[in-house]
Protein chains: 2
Amino acid sequence: MLYRPFEKRLNTELGKHELHRAQWTIIYYLENFNPATLVELSNYQGVEKPTITRTVGQLEELGYVEHVRGKDKREKRMQLTEAGKQLYQDVRETVDAYEVEILRGISEEDLKTAIRVMDDIRKNITQSGDGEVGTSET
Amino acid sequence: MLYRPFEKRLNTELGKHELHRAQWTIIYYLENFNPATLVELSNYQGVEKPTITRTVGQLEELGYVEHVRGKDKREKRMQLTEAGKQLYQDVRETVDAYEVEILRGISEEDLKTAIRVMDDIRKNITQSGDGEVGTSET
DNA sequence: AAAATTAGTTACCAATGATAACTGTTATCA
DNA sequence: TGATAACAGTTATCATTGGTAACTAATTTT
């Protein structure tokens with residue numbers, strides 16, 4: 001419930017670069033974990049594969065990502081193109097400014113605590129009810 | 001980005017009661033701020049009016065909310081029906097259990113801090129870029 | 001009384017996600 | 001080794017949730 005205004009505003013910021021949130025999330029991940037498979041992205045985002053297929057397809061058409069083949073012919077490893085890297089930098093500026101703005105008046109320490117708590121919560125969620133992580137039930 | 005698993009899991013929990021998130025949010029608000037207008041709900045959720053009209057319509061058909069007319073014939077004040085109140089209680093149990101689970105291992109104090117930070121962030125967001133709150137620029 | 005504002009609706013469309021059923025590819029194992 | 005299982009990705013289709021534009025009816029402003 002707390003994320004609606006957040007997402008709304010983020011979309012506005014991304015709109016300046018004609019990007020959508022789902023696309024940005026993938027670019028963001030690739031910048032940090034270059035070449036990644038679709039399954040990797042799927043797990044990271046907690047989203048089904050077809051959704052990733054679609055979004056990656058868009059980014060490919062836009063020229064922001066390309067795929068490099070590895071040994072395993074099944075998987076499609078994706079990486080950022082030059083244009084993609086440039087876009088990341090550009091968006092980063094916008095998003096950074098946005099972050100500074102929404103974090104106004106919050107102490108460094110409280111923020112750290114909040115981030116840690118959020119992370120713990122995420123771990124709790126993904127480790128239990130989802131049945132996706134670590135529960136290898138043949 | 002941090003809320004995807006959260007929403008996913010919440011939807012699973014709500015699914016047990018054949019509810020969706022958007023519907024639950026409205027029921028939740030009504031339980032606390034009985035009779036509320038659609039505009040009120042719209043502002044609270046940071047969502048446009050047509051979206052609210054639709055969801056409230058669903059809840060009305062399901063028999064969870066009903067509208068009481070006030071003086072102003074334009075507005076449609078909604079309140080929970082008996083069935084709606086009952087549903088709230090039932091879902092509350094599910095959601096409470098869920099909350100306990102995802103907050104495992106987080107100290108009372110850290111949680112308080114995190115909540116405060118989140119709230120501050122929300123205030124920062126709604127007070128600036130949206131141009132919706134308090135900026136009466138004729 | 002006319003004009004502007006407000007609450008809500010209708011009719012669209014877009015973004016994001018899910019499922020089911022499928023094709024190739026690689027691993028397993030009997 | 002050959003059948004079978006598991007895995008990565010795709011296609012097609014649907015549902016949820018959101019948005020815009022254009023409208024009606026009721027209420028305020030001027």
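Quantities reported herein were computed from a predicted structural model and do not represent experimental measurements. The chains referred to below are lettered A, B, ... by the order of the sequence lines, with proteins before strands, and numbering in each begins at 1.
Look at CZ on A:Arg21: it is 9 Å from C1' on C:dG17, rounded to the nearest Å. Going from atom CG of A:Asn11 over to atom P of C:dA15 covers 10 Å, rounded to whole Å. Note: CG (B:Leu41) to P (D:dG18) measures 12 Å, nearest angstrom. For the pair A:Glu7 CD and D:dT16 P, the computed distance is 18 Å after rounding to whole Å. In this structure, CD of B:Glu40 is placed 16 Å from P of C:dT6, rounded to the nearest angstrom. The NZ-C1' distance, from A:Lys49 to C:dA18, rounds to 13 Å in whole Å. Rounded to a whole Å, the CG atom of B:Leu19 is 12 Å from the P atom of D:dT16. Nucleotide D:dT16 holds its P atom 17 Å from the CD atom of A:Glu48, rounded to whole Å.
Among C:dT26, C:dG8, D:dG9, the nucleotide with an atom closest to any side-chain atom of A:Val39 is D:dG9. With distances taken from any side-chain atom of B:Lys8 to the nucleotides C:dG8, C:dT16, C:dA18, the minimum falls on C:dA18. Considering only the side chain of B:Pro50, C:dT10 comes nearest among D:dA25, C:dT10, D:dT10. In this structure, the nucleotide among D:dA6, D:dA26, D:dG18 sitting nearest to the side chain of B:Asp72 is D:dA26. Taking every side-chain heavy atom of B:Val47 into account, D:dG19 is the closest of D:dG19, C:dT19, C:dA18. Among D:dT10, C:dT16, D:dA6, the nucleotide with an atom closest to any side-chain atom of A:His20 is C:dT16. The B:Ala22 side chain lies nearest to D:dT17 when the options are D:dT17, C:dT6, D:dA6. Closest approach to the B:Leu38 side chain among C:dG17, C:dT25, C:dT9 is made by C:dT9 (side chain taken as heavy atoms from C-beta onward).
Ion pairing between a basic and an acidic side chain is recognised when a charged N comes within 4.0 Å of a carboxylate O; A:Glu60 and A:Lys76 show such pairing. Between A:Arg4 and A:Glu7, none of the side-chain N atoms (NZ, or NE/NH1/NH2) sits under 4.0 Å from a carboxylate O, so this pair counts as no salt bridge.
In this model, the phosphate group of D:dT10 is approached by a side-chain N or O of A:Thr53 to a distance below 4.0 Å at OP1 or OP2.
If you run ring pair (Phe, Tyr, Trp, His ring centres under 6.0 Å) between A:Trp24 and each of A:Tyr29, A:Tyr98, A:Tyr88, only A:Tyr88 comes through. Under the side chain to side chain contact (heavy atoms under 4.5 Å, CB included) rule, A:Leu19 has a single partner from A:Thr94, A:Leu14, A:Asn11, which is A:Leu14.
B:Thr37 comes within contact range of the sugar-phosphate backbone alone, with a heavy-atom separation under 4.0 Å but no base atom that close. Counting any heavy atom pair closer than 4.0 Å across all strands shown, A:Lys73 reaches sugar-phosphate atoms only and no base atom.
Within the model, atoms CG of B:Leu38 and NZ of B:Lys49 stand 9.5 Å from one another, a figure rounded to the nearest 0.5 Å.
Residues B:Val39 and B:Tyr44 do not share a hydrophobic cluster, defined by chaining ILVMFWY side chains whose heavy atoms lie under 4.5 Å apart.
A donor-acceptor contact under 3.5 Å is formed by the side chain of B:Arg54 with the base of D:dG18. Residue side chain A:Lys76 does not reach the base of D:dG9 through any donor-acceptor N/O pair under 3.5 Å, judged by distance alone.
In this structure, C:dA30 and D:dT1 make a Watson-Crick or G-U wobble pair, each of the two defining distances being under 3.5 angstrom.
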